[in-house]
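Worksheet: one structure, shown below.
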Amino acid sequence: MSGTYPAYCQLGYNVTETQAFSRPMPTTVTRFPPSPTGYLHIGGARTALFSWLHARQRGGRFLLRIEDTDRQRSTDTSVRAILDSMAWLELDYDEEPVFQSRRMDRYRQVIDRLLTSGWAYRCYCTKQDLEHMRKQQRARGEKPKYNGRCRVGQAPPTDAASVVRFKNPREGTVIVDDLIKGKIIIDNRELDDLIIARSDSTPTYNLTVVVDDMDMGITHVIRGDDHINNTPRQINILKALGADLPIYAHVPMILGEDGKRMSKRHGAVSVMQYREDGYLPHALLNYLIRLGWAHGDQEKFSRDQMLDMFDIRQVQRGAAVFSPEKLQWLNYEYIKAAAPAELLRHAREHFEHAGIDIEREEGVEGAVRLNQDRSKTLKELVERSLLFFRPPDHYDPKAANKHFTGGAAQILTELIDAFRDIDPWSAEHIHDCLHRIAERHGLGLGKIAQPVRVAVAGVAVSPPIDETLALLGKMQTLDRIQAALNFIAKGA
RNA sequence: GCUCCCUUCGUCUAGUGGUUAGGACGCCGGCCUCUCACGUCGGUAACAGGGGUUCGAGUCCCCUAGGGAGCGCCA
């Protein structure tokens, strides 16, 4: 056992001892293996969702593996971000996450086994040798590959550094019957002897993946199709190890609007960014499942429906372009349909961010109810609700110009008197009162409602004026109208 | 360059040999209306191209073009 683990292993995630995985079972086992070099992005979230769904819908297990063999680039904040993102999306996994950095001994053991069984060999070629080799091959229009110079064991140069290469079969083909792409046939001659252990004896990606998938008893490997090229190599190693082959499903990538692979420059790509921007986790999940998969004309899926209807074999073979607009539409749909109390649970952090303590403020749920069908994000919901908790600190110049002019002052003055007599203070009574005054002046309701709206909200936008005032309360309403009157008088 | 993957409205997709090629997002327009929204009605727009097979092809086969990924002592 190696004694030094990266800091994040001590973060409290209770990493289990290596090789404590429960073994062969007829059940489905899938996994999600992010490498903690950044945040969980939406592409990763989608493959995680597909894997989760595939396991859960057949009563199987879904495991998480942190691929942190690159100690240079792996960070514990990334691990935390990934785990937090998974939790936010409610993609729960069985067993504690497996950290590859803790399994080095196991990888070395497998490499030794491959070496002694003749499936691997030491290669003494230097990086310069390889670079030269590749340059020449490229010049000849060939695919750069290791030429197998050290494959036939010659006397090793004394204490020269060496790597370990897997002895890939030189003939025959590897057939992958992919659940999404269909049958893929690769000629072994296209493959070369890949490095499985670096000169510092640490294992490389293709080796660790194979060992872990084998040890974890993974039955279905669901991953991005950028891994298709790795698959035949991994299968060959698996075979050399005598392991059962998993079933593969390579899901297409998510592209940005320019058709290029999704990246930071396409705007928000991290799951946490969507959380901060006011998206509901289920809305994101719903968007993601529909990206590359469909069930007839249905657009909205509950969790149970996802579990019930999703079929990995039906996912589209081609890449899909991410559409922020459609995501936002879905988010809006879910915000609109949510029960106010439930919505509040998700909006809490956004209210708090705006300095509003939803425990202490009254009327938060009422504000949510009035604004939920006009907010595309939780952030917008909070912004629109703010007026109920704070008087306007200024009047929008455009709105004031338009609605505080003409007879506005006169009307507002009348309104104060009329409102004083309203009892009980209800939307219905306010509504009637506004109509009476409008009629008295022979004006449309707009001429009355807008000045009031600007007076209480500071802007020309709010939920229906009667309900807005009702929720705001009589005192606040009168105070704010009076303040507006003072403002108008001062300006005149 | 080589290997692999992919190709229906701008975008996400339905389609499984016979359809006016459907839905959704977006966009445009009408209605509704106290603002913003909602809602509602309608509109816009696609089978990459070319050959076959077939009575009949978006659906099957081949080729071309275009796009993507990989070709590391990264994962």
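All chains are named by letter (A, B, ...) in the order of the sequence lines, taking the proteins before the strands, and each is independently numbered beginning at 1. As the structure is a prediction and not an experimental result, all values here were calculated from the model.
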Nearest to the side chain of A:K336 - B:C38, B:C6, B:C34? B:C38
Side-chain donor/acceptor contact of A:R138 with base of B:C2 under 3.5 Å: no
Upstream residue (5' side of RNA chain B) when A:Y332 and A:N230 are each assigned their closest nucleotide: A:Y332
Taking syn as within 90° of 0 and anti otherwise, name the glycosidic form of B:C28. anti
Do A:S323 and B:C12 have a side chain to base donor-acceptor pair shorter than 3.5 Å? no
In whole angstroms, how far is the P atom of B:C34 from the CD1 atom of A:I411? 15 Å
Would you say a side-chain N or O of A:T69 is under 4.0 Å from OP1 or OP2 of B:A75? yes
Residues A:D225 and A:R317 bridged, charged N to O under 4.0 Å: no
Looking at A:Q372, I'd like to know whether one of its side-chain N or O atoms comes within less than 4.0 Å of OP1 or OP2 on B:A37. no
Note: for A:K376 and A:L255 on RNA chain B, the residue whose nearest nucleotide lies more 5' is A:K376
Of the nucleotides B:A75, B:G23, B:C73, which one has an atom closest to the side chain of A:D297? B:G23
Ring-face cation of A:R233 near A:F166 (centre distance under 6.0 Å, axis angle within 45°): no
A:F322 CZ to B:U11 C1', straight-line distance once rounded to whole Å: 12 Å
Return the nearest nucleotide to the side chain of A:D225; candidates are B:C12, B:A75, B:C5. B:C5
Nucleotide nearest A:R453 when distance is taken to its side chain, options B:G23, B:C34, B:A75: B:C34
For nucleotides B:C47 and B:G42, find the distance between their P atoms and express it as a whole number of Å. 25 Å
Examine B:C6: is either OP1 or OP2 under 4.0 Å from a nitrogen or oxygen in the side chain of A:R317? Give yes or no. yes
Using a strict cut-off of less than 4.0 Å between a Lys/Arg side-chain nitrogen and an Asp/Glu carboxylate oxygen, indicate whether A:D311 and A:R313 qualify as a salt bridge. yes
A:R31 CZ to A:R223 CZ distance, which is reported to the nearest 0.5 Å: 5.5 Å
Is any NZ, NE, NH1 or NH2 atom of the basic residue among A:K167 and A:D193 found under 4.0 Å from an Asp or Glu carboxylate oxygen of the other? no
Does a side-chain N or O of A:R134 approach OP1 or OP2 of B:C71 to a distance below 4.0 Å, or not? no
Which part of the nucleic acid, if any, lies within contact of A:A460, taking any heavy atom under 4.0 Å across all strands shown: a base, the sugar-phosphate backbone alone, or nothing? base
Interatomic distance at P, B:A37 relative to B:U44, whole Å: 25 Å
Inter-nucleotide C1' distance (B:G58, B:G1), Å rounded: 34 Å
